[in-house]
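So you know, we letter chains A, B, ... as the sequences are listed, proteins then strands, and number each from 1.
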Amino acid sequence: MKISRIRGFRDVVSPESDQYEKILRTAESILKPAGFERVFLPILEPTELFSRTIGETTDIVEKEMYTLMDRNEESLTLRPEGTAGAVRAYIEHSEKNQDPTWKIFYYGPMFRHERPQKGRQRQFYQLGVEIFGWSSPWVDAELLSLLQELWSRLGLKDIQLRLNSLGCSKCRTDYRKRLMNYLLPLQNRLCADCQRRIERNPLRVFDCKQEGCRSVVHAAPKTLDSLCEDCKGHRSRLLEGLKTLQVSYEEDPSLVRGLDYYTRTAFEYTSDSLGAQNAIAAGGRYDDLVSQLGGRPTPAIGVAAGLERLSLLLQPDKKEGLKLFVAALGERAAQEVVSLIRNLRNVGISVEWDSEGKSLKSQMRRADRLQAHYVLILGDQELQKREGILRDLQAQTQESIPWEQSLKILIDKLGSKR
RNA sequence: GUGGCUAUGGUGUAAGGGCAGCACGAGAGACUGUGGCUCUCUGAGUACGGGUUCGAAUCCCGUUAGCCACCCCA
């Protein structure tokens with residue numbers, strides 16, 4: 001019986017996988033010089049880690065988590081996002097080595113039980129970046145600047161940065177009160193979903209796309225107006241920093257994030273060419289999260305970028321052609337050829353061959369299809385003469401080379417190119 | 001989770017109650033040891049399960065999956 005993949009879980013194969021690689025390589029080349037270390041974090045965590053951090057009333061926790069019982073009756077969950085696990089790791093890590101700062105990035109699968117759509121899978125891949133231990137708005141500005149650099153090096157155009165400040169826990173509760181006071185008398189103008197949201201999570205009303213709700217929200221008090229002096233200062237210094245670093249942005253007071261732990265800076269990168277699933281990366285500051293999970297109070301900021309959405313935006317790269325195809329005719333030729341192939345590969349020259357003993361024509365065809373630059377032909381005649389034929393497929397020329405020196409000759413000829 | 005649309009070789013498509021065809025790709029050959037162009041041949045398909053009918057790719061129902069919107073979000 002054929003067993004097929006489960007819904008929303010995909011095999012990421014070439015050329016998409018090549019693009020994931022490219023994104024990761026590029027990100028690494030930007031982040032490493034900025035002092036970030038690459039970490040590998042667990043995919044499975046205690047359920048409580050997510051329910052406590054992301055927010056009990058969020059969609060993610062309420063209905064999208066892959067939760068399972070371990071053999072010892074402990075409830076475990078496949079991580080729906082990366083930050084909670086990173087914070088957990090930070091707490092354990094910083095206890096050990098006394099250093100309150102940590103700059104990390106990681107990459108891996110996340111899991112949410114949503115209805116699949118283009119750019120939305122149940123297992124999806126995120127690149128996460130987290131910075132622990134600094135509260136200065138310069139850190140926010142630098143992170144946004146690194147991201148801008150990443151988009152630009154990946155050749156992405158038309159990426160918008162939307163920015164908001166949600167305030168610290170104090171201004172958030174103040175604001176929440178003001179917002180509820182404003183919304184309650186207007187309840188009947190809101191859709192059913194939003195009426196429920198007022199009590200549970202009034203900020204979410206801002207996300208609603210219903211006509212009635214939008215008009216109500218339009219005149220609603222904004223987070224920006226409720227910021228305390230410190231938060232206002234943080235915001236304005238961040239905006240100055242962005243100016244200095246020439247990071248372009250657009251302020252969006254209605255931007256609230258789907259996770260409850262954000263404080264102060266919240267941001268989202270979107271692209272117009274992705275349809276409804278238009279967010280390619282998002283993040284923000286979460287200054288209370290570390291202490292909330294039992295660590296020493298530590299300010300932090302982070303971002304998550306979705307690889308499938310990024311790769312949808314990337315132009316496909318043309319594949320690098322093969323350097324050498326070895327056409328060995330017969331078993332004896334195969335015996336001669338295999339260690340040469342290994343040695344060439346060991347110095348970084350890409351080599352393929354076909355061990356099925358196909359006809360020369362068939363092997364030449366394959367070499368052509370693989371866009372090989374050269375073909376090395378070894379058959380009975382060549383074995384007799386102890387030489388091989390090296391054909392340059394692009395130049396359409398060929399020459400005989402003495403077999404005993406073939407390794408050296410090939411390395412000379414093919415090694416340094418490109 | 002809700003609603004809509006869709007499902008034919010590996011890929012892209014035709015047949016709209018009556019013989020499942022075409023193109024590309026793949027494999028072999030024409031060229032007996034040399035790729036690309038050309039030609040020939042070969043393999044490969046109606047997502048799955050029911051129903052209507054003399055007869056179903058085609059009509060109906062269910063399932064599954066994909067896409068789109070909602071929702072949500074990366």
Rounded to whole Å, the CZ-C1' distance (A:Arg7 to B:C48) equals 15 Å
*Expressed in whole Å, how much space separates the C1' atoms belonging to B:U46 and B:A14?*
12 Å
Q | Pair A:Asp59-A:Lys63, salt bridge (charged side-chain N to carboxylate O under 4.0 Å, His left out): steps then yes or no | A | CA-CA 6 Å; A:Asp59 279 21; A:Lys63 46 195 189 197; 3.8 Å; yes
Comparing A:Ile60 with A:Arg5, nearest RNA chain B nucleotide closer to 5' gives the residue A:Arg5
> Between A:Arg115 and B:C70, is there a side-chain N or O to OP1/OP2 distance below 4.0 Å?
Replying inline: no
Among the nucleotides B:G66, B:G29, B:C71, whichever has the atom closest to the side chain of A:Ser359 is B:G29
Next on the checklist: Give me the distance, rounded to whole Å, that separates B:G66 from B:U11 when you measure between the C1' atoms they each carry.
Outcome noted: 16 Å
From the list A:Ile341, A:Asn346, A:Leu340, side chain to side chain contact (heavy atoms under 4.5 Å, CB included) with A:Leu344 holds only for A:Leu340
Under a 4.0 Å heavy-atom criterion, the protein footprint on nucleotides 30-36 of chain B, written with B, S and -, is -B-BBBB
ask   = Can you tell if the side chain of A:Ile131 reaches within under 4.5 Å of the side chain of A:Phe36, non-hydrogen atoms only?
value = yes
Q.
Would you measure the distance from the C1' atom in B:U58 across to the matching atom in B:U6 and give it in whole Å?
A. 15 Å
Whole-Å distance, A:Leu274 CG to B:C68 C1', equals 14 Å
Out of B:C73, B:C70, B:U2, minimum distance to the side chain of A:Ala279 belongs to B:C73
Tightest non-hydrogen contact, residues A:Ile23 and A:Leu150, listed as O-CD1, 4.4 Å
B:C67 base to A:Arg120 side chain: any donor-acceptor pair below 3.5 Å? no
Touch check for A:Lys63, heavy atoms < 4.0 angstrom, all strands: base, sugar-phosphate only, or nothing? nothing
Please measure how far the C1' atom in B:G9 lies from the corresponding atom in B:G45, and state the result in whole Å.
4 Å
Would you be so kind as to tabulate the donor-acceptor pairs closer than 3.5 Å made by side chains of residues 135-142 of chain A, with sequence neighbours excluded?
from	atom 1	to	atom 2	distance (Å)
A:Ser136	OG	A:Trp138	N	2.9
A:Asp140	OD1	A:Arg285	NE	3.1
A:Asp140	OD1	A:Arg285	NH2	2.6
A:Asp140	OD2	A:His234	NE2	2.9
A:Asp140	OD2	A:Thr265	OG1	2.6
A:Asp140	OD2	A:Arg285	NE	3.1

- Message: Using salt bridge (charged side-chain N to carboxylate O under 4.0 Å, His left out), reason through A:Lys222 and A:Glu251 one step at a time and then give a plain yes or no.
- Response: CA-CA 12 Å; A:Lys222 302 287 190 286; A:Glu251 279 200 274; over 6 Å; no
Closest to the side chain of A:Gln117, out of B:G66, B:C73, B:A69, is B:A69
For RNA chain B, the dot-bracket notation using Watson-Crick and G-U wobble pairs below 3.5 Å, [ ] for pseudoknot-type crossings and | for other-strand pairs, is (((((((..((((....[..)))).(((((.......)))))....(((((..]....))))))))))))....
Here the distance between atom P of B:C73 and atom CG of A:Leu255, to the nearest Å, is 11 Å
Interatomic distance, OG@A:Ser226 vs CZ@A:Arg176, rounded to 0.5 Å, equals 13.5 Å
Looking only at atom C1', what distance separates B:C41 and B:A57, rounded to whole Å?
-> 28 Å
Would you kindly check whether a donor in the side chain of A:Glu114 faces an acceptor in the base of B:C73, or vice versa, at under 3.5 angstrom?
no
Rounded to whole Å, CG of A:Leu150 lies from P of B:A74 at a distance of 17 Å
What class does the angle between the rings of A:Tyr90 and A:Trp102 fall in, given that below 30° is parallel, 30 to 60° is tilted and above 60° is perpendicular?
tilted
One should read off an interatomic distance between A:Leu310 CG and A:Tyr125 OH, to the nearest 0.5 angstrom, of 15.0 Å
- With P as the reference atom in both, quote the distance from B:G3 to B:C61 in angstrom, rounded to an integer. 15 Å
*asked:* For a 4.5 angstrom cut-off between non-hydrogen side-chain atoms, does A:Leu410 reach A:Ile349?
replied: no
Taken to the nearest 0.5 Å, the spacing of A:Arg366 CZ from A:Asp354 CG works out to 6.0 Å
For the C1' atoms, the ones on B:G29 and on B:G12, what distance do you get once it is rounded to whole angstrom? 27 Å
- prompt: Which part of the nucleic acid does A:Ala281 contact within heavy-atom distance under 4.0 Å: base, sugar-phosphate only, or nothing?
  reply: sugar-phosphate
Whichever of A:Pro116 and A:Asn278 has the more 5' nearest nucleotide on RNA chain B, that residue is A:Pro116
- Please measure how far the C1' atom in B:A44 lies from the corresponding atom in B:G4, and state the result in whole Å. 34 Å
- If you look at every strand shown and take non-hydrogen atoms under 4.0 Å, does A:Gly8 touch a base, only sugar-phosphate, or nothing? sugar-phosphate
